[in-house]
Amino acid sequence: MQTDDPHMLNAARDEPHIPQEVVLELLNCQLRNNIAPLALEIDCAAMRAWSEEQGQERFRYQNLVRELRAWNKYLGRRPVSRVWVNEPFCLMDAPSLTELVHAIAQNLKLIKGRHVEHVATLSLPDFTRQNIALLKGLDFNHIQIRVPTGFDLSELQRLKQMLMEFKFSYISLQLDFGSAQPDFTLQLMELLSFLEPATVSLHQNLQDPLKGVSGEGLTAMLMQFGYFLQEPATILKFYSPLHARPADCVRLGPGAASRFGQLRTLNFATPAGYHNRVQTSGLPVATCR
């Protein structure tokens, strides 16, 4: 096993972490006999924001490729039934995204089937026919539309029609607003009625996004349209194959938190700690619990 060297310790001295040999032993104990389905999540918008906050140059997708190669030894046998890439075009152009998707296929055990979900979340400016055609060609089967405050319903309907022309299996919504928004319930009803999305999720940065609506009232309203609330903040259609999303998840990038059964891992969040690990072919995991 690779252990921490003095240079790595010096680079990460300001960030709590445990030696990599301990991390690898914990992962090996948790994963060696586990073949349960797994999800992969890559939040490109968060990585771009991280680079800006840390005063770094633009985050390089090659770091994600290196992470995938490091994870291969531990996750290569586990079937991956869900891949989520958030706002890929804020970080990558077409060749870069193609290389990343190729690295995912080379290093993880992707499976096929009706319940398999390869989803990309896109903000409105990224909805070009070129981008959509690229995602379809890369075997994404699910597109999630970021819905801003003060959305234009007719614009969302136009985007859905374009996605249907490309024959995506699932078309979903991610709301950038929660129940604190005036007329939230009426807006939600409008979206469910006119767009019939596969799922509706609330943006992960929102704090307690459904605080302003009663549980019973929301449940009754969703049932009218054939949906239910899956905690904490995802609305799903009844009888959807997307119910069977895997519990375990590996997340890539600085500060990313992954889950493997009872084990939680947290990546280095400082530039020095993260880059030193991935550039020496190591896992950028700082701590496990």
Side-chain angles (χ1 to χ4, degrees), residues 42-46 48-49 52 84-94 97 117-138 140-214 217-230 232-238 240 242:
I42 303 174
D43 191 342
C44 298
R48 180 167 181 170
E52 295 171 352
W84 174 64
V85 184
N86 184 39
E87 297 195 57
F89 299 108
C90 79
L91 196 67
M92 294 173 283
D93 57 13
L97 180 58
E117 185 183 6
H118 291 179
V119 54
T121 300
L122 301 181
S123 58
L124 298 186
D126 288 330
F127 273 90
T128 66
R129 296 191 72 87
Q130 293 88 344
N131 286 347
I132 299 304
L134 173 65
L135 292 169
K136 182 65 177 181
L138 293 175
F140 282 84
N141 64 351
H142 187 175
I143 298 296
Q144 188 175 56
I145 306 170
R146 278 192 64 179
V147 180
T149 304
F151 61 86
D152 182 339
L153 182 62
S154 62
E155 173 69 3
L156 297 178
Q157 290 176 312
R158 184 188 69 80
L159 295 180
K160 180 180 178 181
Q161 181 60 39
M162 180 174 66
L163 294 172
M164 291 175 64
E165 291 173 7
F166 281 93
K167 301 187 184 303
F168 283 92
S169 301
Y170 308 106
I171 300 170
S172 294
L173 306 176
Q174 177 187 276
L175 307 187
D176 285 352
F177 54 92
S179 59
Q181 176 75 11
D183 298 325
F184 170 78
T185 302
L186 291 176
Q187 290 178 322
L188 180 58
M189 291 173 64
E190 188 177 49
L191 292 170
L192 295 177
S193 176
F194 289 97
L195 294 177
E196 300 181 344
T199 71
V200 178
S201 63
L202 285 299
H203 197 286
Q204 58 189 356
N205 292 339
L206 295 173
Q207 297 294 323
D208 200 1
L210 296 175
K211 182 179 180 180
V213 293
S214 69
L218 179 63
T219 298
M221 185 272 285
L222 293 177
M223 288 184 65
Q224 293 179 12
F225 294 95
Y227 291 84
F228 72 99
L229 176 65
Q230 184 179 76
T234 300
I235 295 169
L236 288 166
K237 278 186 175 180
F238 287 119
S240 168
L242 302 182

For I132 and K136, what are the C-alpha separation, side-chain angles and deciding distance, and is it a side-chain contact (heavy atoms from CB on, under 4.5 Å)?
-> CA-CA 6 Å; I132 299 304; K136 182 65 177 181; 5.6 Å; no
For side-chain contact (heavy atoms from CB on, under 4.5 Å), just list the numbers for L192 and M221, CA-CA rounded to whole Å, side-chain angles, deciding distance to a tenth of an Å, and then say yes or no.
-> CA-CA 10 Å; L192 295 177; M221 185 272 285; 4.3 Å; yes
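When the side-chain contact (heavy atoms from CB on, under 4.5 Å) test is applied to S193, the partners found at least two apart in sequence or on another chain are F225. The ring-ring contact (aromatic ring centres under 6.0 Å, His included) test applied to H142 returns Y170, not counting sequence neighbours. Qualifying side-chain hydrogen bond (donor to acceptor under 3.5 Å, both in side chains) partners for S154, counting only residues two or more places apart in sequence or in other chains: D152. By the ring-ring contact (aromatic ring centres under 6.0 Å, His included) test, F228 is found to be paired with F238, H243, residues two or more places apart in sequence or in another chain being considered. For E196, the salt bridge (Lys or Arg N to Asp or Glu O under 4.0 Å) criterion is met by no residue, not counting sequence neighbours. Considering only residues two or more places apart in sequence or on other chains, R48 meets the side-chain hydrogen bond (donor to acceptor under 3.5 Å, both in side chains) condition with none of them. With sequence neighbours left out, the salt bridge (Lys or Arg N to Asp or Glu O under 4.0 Å) criterion links D176 to R146. Listed by chain and number, the residues in a salt bridge (Lys or Arg N to Asp or Glu O under 4.0 Å) with E190 amount to none (sequence neighbours excluded). Judged as a side-chain hydrogen bond (donor to acceptor under 3.5 Å, both in side chains), and not counting sequence neighbours, the contacts of T128 are N131. A search for side-chain hydrogen bond (donor to acceptor under 3.5 Å, both in side chains) contacts involving Q144 returns T121, S201, not counting sequence neighbours.
Closest approach of P197 to S172, counting heavy atoms only: CB-CA, 4.1 Å. The two atoms that bring Q187 and P182 nearest to each other are OE1-O, 3.9 Å, heavy atoms only.
Side-chain contact between L173 and I235 is absent, with no heavy atoms from C-beta onward closer than 4.5 Å.
Ring-plane geometry between H118 and F140 is classed as perpendicular, the angle between the planes exceeding 60 degrees on a 0 to 90 degree scale with a lower cut at 30.
Pairs engaging residues 184-204 under the ring-ring contact (aromatic ring centres under 6.0 Å, His included) rule: none recorded [sequence neighbours left out].
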Donor-acceptor list for residues 156-168 side chains, cut-off 3.5 Å, not counting sequence neighbours:
residue, atom, partner, partner atom, Å
R158, NE, E155, OE1, 3.3
R158, NH2, E155, OE2, 2.9
K160, NZ, L195, O, 2.3

